[in-house]
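Accompanying notes for the structure given below.
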Amino acid sequence: MEAPAAAAPRPQIDDYDHVRVEAKWRRIWEQRGDYRTPLDDPERPFYNLMMFPYPSAEGLHVGHIIPYAGGDIYGRWRRLKGDTVFEPMGFDAFGIHSENYAMKIGEHPAVVMRRAVHNFRENQLKRIGSMFDWDHEVNTAEPSYYRWTQWVFLQLFKRGLAVQREGAVNWCPSCLTVLADEQVEQGRCERCHSVVETRYLRQWWLLITRYAQQLLDALDTLDWSDSTTTMQRNWIGRSEGALITFDLQGCRRDNVTVYTTRPDTLFGATFLVVGADHPDLEDFVPRERLGDVNAWRNRLRPTDEPDFSVGIDAGSSAVHPLSGERIPVWIAPYVLGGYGTGAIMAVPAHDERDWKFARAHELPIVEVIAGGDVAAAAYAGPGVMVNSDGFDGLPGDEGKKAVVQRLQELGRGEASVQYKLRDWLISRQRYWGPPIPIIHCPDDGVVAVPEEDLPVLLPELEDFRPTGTGVSPLATVEDWVNVTCPECGGPARRETDVSDTFLDSAWYFLRYPSTDFDAVPFDEERTATWLPVDMYIGGNEHAVRHLLYSRFIMRVLHDMGLVPAPEPFSRFRAHGTIVMEGAKMSKSRGNVLNPDEYIERVGADAFRLYMMYLGPYTSGGDFRDAGIAGMTRFLHRVWRLAQTATADDTHDIDRERRRHRLIKRVDDDIATLSYNTAIAFLMQFARDVDHEAQRGAGRRVDAETLLLLLAPFAPFISEELWERTGHEASVHTPGQWPAHDPELARARRVTVAITVNGKVRGQLETDAGTPAAELRRLALEQPRVRELLSGREPRNVVAVVDRIVNVVV
RNA sequence: GCCGGGAUGGUGGAAUUGGUAGACACGCAGCGUUCAGGGCGCUGUGCUCGUAAGGGCGUAAGGGUUCAAGUCCCUUUCCCGGCACCA
């Protein structure tokens, strides 16, 4: 193709038809298998993962595009840079959410899910232009998958990390099942917002608290968004303090141990408080008070706001371990039976809650840390110990150490670390989940289903609705429940609870790289090659649960020698939340947008670009579809310029510099997920090249560079134009990303700003790297500067090379 | 209450990490193309005074450091996210 400047005949270009272009390349890519990843022995494997969706029957909404397009841009970029990128996708199809939806529309969850998964995959995920490798799709509700979820459970069970025990659990009266602590928000069910009740039930727990310290420490080794690691840290909630034992009088127990972070305030402890939900509450109460206390406890109702005046005198007393004084024991709901030891020493002078409680019940307030006015309010600030026997005058940390040491000598206490993290309750009295693979035998007790008998198939059940009696509907299936014990062969019964859906998703990333799905949970060699995930993208709503559970399961499997890495995701970025005119998108607000119509109207390319352009990727943006027109205009421009910029002028050094600057800029921006600015630069570049092309002077090399850099963002149109401009291979061919020359990317001429007393008064065009002394001289020659100086000598002249000259008058 | 992140034109957002605030886009206005509408293209667009040249003001509010502050420090207000009786 010849392209002499002015005389170039305008080639006839057909209109950009996104429907045709996108359908064409979807078909070709699928037929050619462009995105099937060679999983064995890749030179530079890159596991690019996005959180898989749970298929609700409403389909994907606009918010899904953020992770799936955003993650794909990153993956396509790595691929163009030469990595072997594995980008799988699947479906989190089990769970209460899916089941509730099925009940609502009166269909069986299996049917609803099959339809939803098909719709998600065929009509939506395949249309958005992401290079998912569908050969490795997983679906957590398939027996071939949940068989191994059950296997994961058994590994935990065998290591003593899955136990059945009775305890206070969160019961949702609407979902009719227990919930994990992580599923309760401000005392309400996160799904249906019913007020959660406390029930005492025998349930299955995974002992994640055993890993609290490891899970906390390893956060430092991860490249994750700060906001996410902070949330995990807070959730694990490590605190350092001391356990202190008080002797008891007047009740069944001889003594009680309390946990405190302020052992330095021990002499200010004027009473003890036992949590109203303490499992052995009656042991703290004298026999004659039991009736009163139980009656009081039964009248307790959960309150939204904490009330520090509620409490009752237990009737017993405690002996202060250092002063020997007798102090009363109280019972109150503001103390949590499940944290620490379930009992505290109350120091009203230096704890706001204790102070309020003391005031309400006229208990003494004794100042033991100087610095506040404890008659007016609790003082929690720093200060030296006072009224503390031989400890007076010691400041904070020293005081804590000294008190703990004395207690230790007396055998009355020791330093201790506590965590807020609780064990993970995984039992669900529901239908739509993997049955917990356990058999209860009257002789042998709790017995694991032998691994070769997995999966324990979820029986097909007409009436799958929850019973509300604390028992799963599976309990009604007599011929499923009644089995023979694998140990003794005698009659036994199956466990009828299913496991939490978060267990399904806590290991799915291990499953993707495997091929032989029936033989193993995950292929060991593939796992060694591909794990940990190199880049994980998802919403911060899973910052605590999914990410923490996955880390826990991975760590357990690692300890068993089954996976090579202790952590599943070496890099994680939370994308921002997309809002609609300022409000978070949700069904209840009725502002959920379906991406299908946009893909139909403007195409996946324009839509992807627009979503990425809304704002910084990690902070989300406000969706207004008015702006989408800008993207359509941009793509029309690219369409035109790519086919008209055919000049072969590679010697234009300034344009060559511009091109290299663009490559560097886009490359750097994608690396940091700054998609919005990368797109802005592509637009600017496209405008310039288009103007040149309209004069017949558009360079072919500029057009080609533009297409390559645009390819991750707009995979269809760049592929079509790449073909139209005479290329045989795909624009997405691995390793094809253009390199930039750092020398050329550096500017040659620069505009230096001239300021007088910090106010801009002019500009100076110079060669890059002009020395500061020369810049100062040039600045002082400027007529405008002279005028402002009006004959005076400047007091100072500061020059920053390539940046600015400031004249101080 | 505690922890984290924010506040920049009419709007979404940029700003090389202390160095020309407002890139890019939406919207709006003018012009061109068109019978017209739409679309498309070009130009302009922080506020303000001025015909212009040019000046003044301007990054939530107030103060400070600096030759120079959207950026650093202090105080205050508001918004978003998380945790929330964790002793």
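All values below come from the heavy atoms of this structure, side chains included, with hydrogens, waters and symmetry mates left out. Below, read A as the first sequence line, B as the second, and so on, with proteins coming before strands; counting in each chain starts at 1.
Remark: P of B/G1 and CG of A/Asp354 are 19 Å apart, rounded to the nearest angstrom. In this structure, A/Tyr617 places its OH atom 18 Å from C1' of B/G13, rounding to the nearest Å. Across the protein-nucleic acid pair, A/Lys759 atom NZ and B/C57 atom C1' stand 9 Å apart, rounded to whole Å. Between the C1' atom of B/G81 and the CG atom of A/Asn540 lies a distance of 8 Å, rounded to the nearest Å. Atom CZ of A/Phe681 and atom P of B/G13 are 18 Å apart (whole Å). Distance A/Leu764 CG to B/U20 P: 15 Å, rounded to the nearest Å. Rounding to whole angstrom units, CG of residue A/Leu336 and C1' of B/C83 are separated by 14 Å. Atom CZ in A/Phe685 sits about 17 Å away from atom C1' in B/A23, given to the nearest Å.
Distance check: A/Asp767 CG to A/Arg749 CZ gives 4.5 Å after rounding to the nearest 0.5 Å. Once rounded to the nearest 0.5 Å, the distance linking CZ of A/Phe634 with CG of A/Asp605 reads 10.5 Å.
Applying the side-chain contact (heavy atoms from CB on, under 4.5 Å) test between A/Pro794 and each of A/Leu780, A/Val785, A/Val756, A/Asn757 identifies A/Leu780 as the sole match. With A/Phe267 as the fixed residue, the side-chain contact (heavy atoms from CB on, under 4.5 Å) test singles out one of A/Val368, A/Ile369, A/Val347: A/Val368. Each of A/Val689, A/Asp690, A/Leu682 was checked for a side-chain contact (heavy atoms from CB on, under 4.5 Å) with A/Leu706, and the lone residue meeting it is A/Leu682.
Of the candidate nucleotides B/G56, B/C42, B/C83, B/G56 has the atom lying nearest to any side-chain atom of A/Arg761. For A/Pro616, the side-chain atoms get nearest to B/G13 when compared with the rest of B/A15, B/C3, B/G13. Picking from B/A87, B/C24, B/U20 the nucleotide with the shortest atom distance to the side chain of A/Thr751 gives B/U20. You'll find that the side chain of A/Met683 is closest to B/C24, out of B/A87, B/C24, B/U20. Minimum atom distance to the side chain of A/Val760 is reached by B/U20, of the listed B/G41, B/A68, B/U20. Closest to the A/Arg633 side chain, of the nucleotides B/A87, B/C3, B/C40, is B/C40. For A/Tyr334, the listed nucleotide lying nearest its side chain is B/C85; candidates were B/C85, B/A23, B/A84. With distances taken from any side-chain atom of A/Val808 to the nucleotides B/C67, B/G41, B/A15, the minimum falls on B/C67. For A/Gln684, counting side-chain heavy atoms from C-beta on, the closest listed nucleotide (B/U20, B/A87, B/A23) is B/A23. Side chain of A/Thr230, nearest nucleotide from B/G19, B/A25, B/C3: B/C3.
Closest-nucleotide positions on RNA chain B for A/Arg640 and A/Met631 were compared, and the one nearer the 5' end corresponds to A/Met631. In this structure, A/Val807 and A/Gly630 both approach RNA chain B, and ranking their closest nucleotides by distance from the 5' end singles out A/Gly630.
Atom name P, nucleotides B/C28 and B/G38: the rounded distance is 11 Å, in whole Å. Separation of the C1' atoms belonging to B/A15 and B/U59 is 11 Å when rounded to the nearest angstrom. Nucleotides B/A14 and B/G62 place their P atoms 25 Å apart, quoted to the nearest Å.
Regarding the sugar-base torsion, B/G9 falls in the syn class, its angle being within 90° of 0.
Pairing for B/U65 is absent, judged as Watson-Crick or G-U wobble with the two contacts each under 3.5 Å. Here B/U11 sits opposite B/A25 as a Watson-Crick or G-U wobble pair (both hydrogen-bonding atom distances under 3.5 Å). Taking a pair to require two hydrogen-bonding distances under 3.5 Å in either a Watson-Crick or a G-U wobble arrangement, B/A87 remains unpaired. Pairing of B/G81, defined by two Watson-Crick or G-U wobble distances under 3.5 Å, is identified with B/C3. Pair assignment for B/U34: none, as no Watson-Crick or G-U wobble contacts are both less than 3.5 Å.
Residue A/Thr755 is classed as having no contact, given no heavy-atom separation below 4.0 Å to the nucleic acid. Contact annotation for A/Phe634: no contact, since no heavy-atom pair falls under 4.0 Å across all strands. Backbone-only contact: A/Arg687 has heavy atoms under 4.0 Å from sugar-phosphate atoms and none from a base. Residue A/His350 is classed as having no contact, given no heavy-atom separation below 4.0 Å to the nucleic acid. A/Arg637 comes within 4.0 angstrom of sugar-phosphate atoms only, judged by non-hydrogen atoms across all strands, and of no base. Residue contacts for A/Gln763: at a heavy-atom cut-off of 4.0 Å it reaches a base atom on one of the strands shown. At a threshold of 4.0 angstrom between heavy atoms, the contacts of A/Val273 with the nucleic acid are absent. Counting non-hydrogen atoms under 4.0 angstrom, A/Asn796 reaches nothing in the nucleic acid.
The base of B/C85 lies outside donor-acceptor range of the side chain of A/Tyr339, with no N or O pair under 3.5 Å. With hydrogens and angles left out, the side chain of A/Arg803 and the base of B/U16 share a donor-acceptor pair within 3.5 Å. A/Asn234 contributes no side-chain N or O that forms a donor-acceptor pair with the base of B/C83 under 3.5 Å.
For A/Glu774, the CD atom sits in a packed shell: over 12 heavy atoms of surrounding residues, nucleotides or ligands are nearer than 6.0 Å.
A/Thr677 and A/Asp669 are linked by a side-chain donor-acceptor pair at a separation below 3.5 angstrom, with hydrogens and angles left out of the test.
Residues A/Asp351 and A/Lys356 are not paired through a salt bridge, judged by the lack of any N-O separation under 4.0 Å between the basic side chain and the carboxylate. Ion pairing between A/Asp688 and A/Arg659 fails under the 4.0 Å rule for side-chain N and carboxylate O.
When the side-chain nitrogen and oxygen atoms of A/Asn757 are compared with OP1 and OP2 of B/A68, none of them lie within a distance under 4.0 Å.
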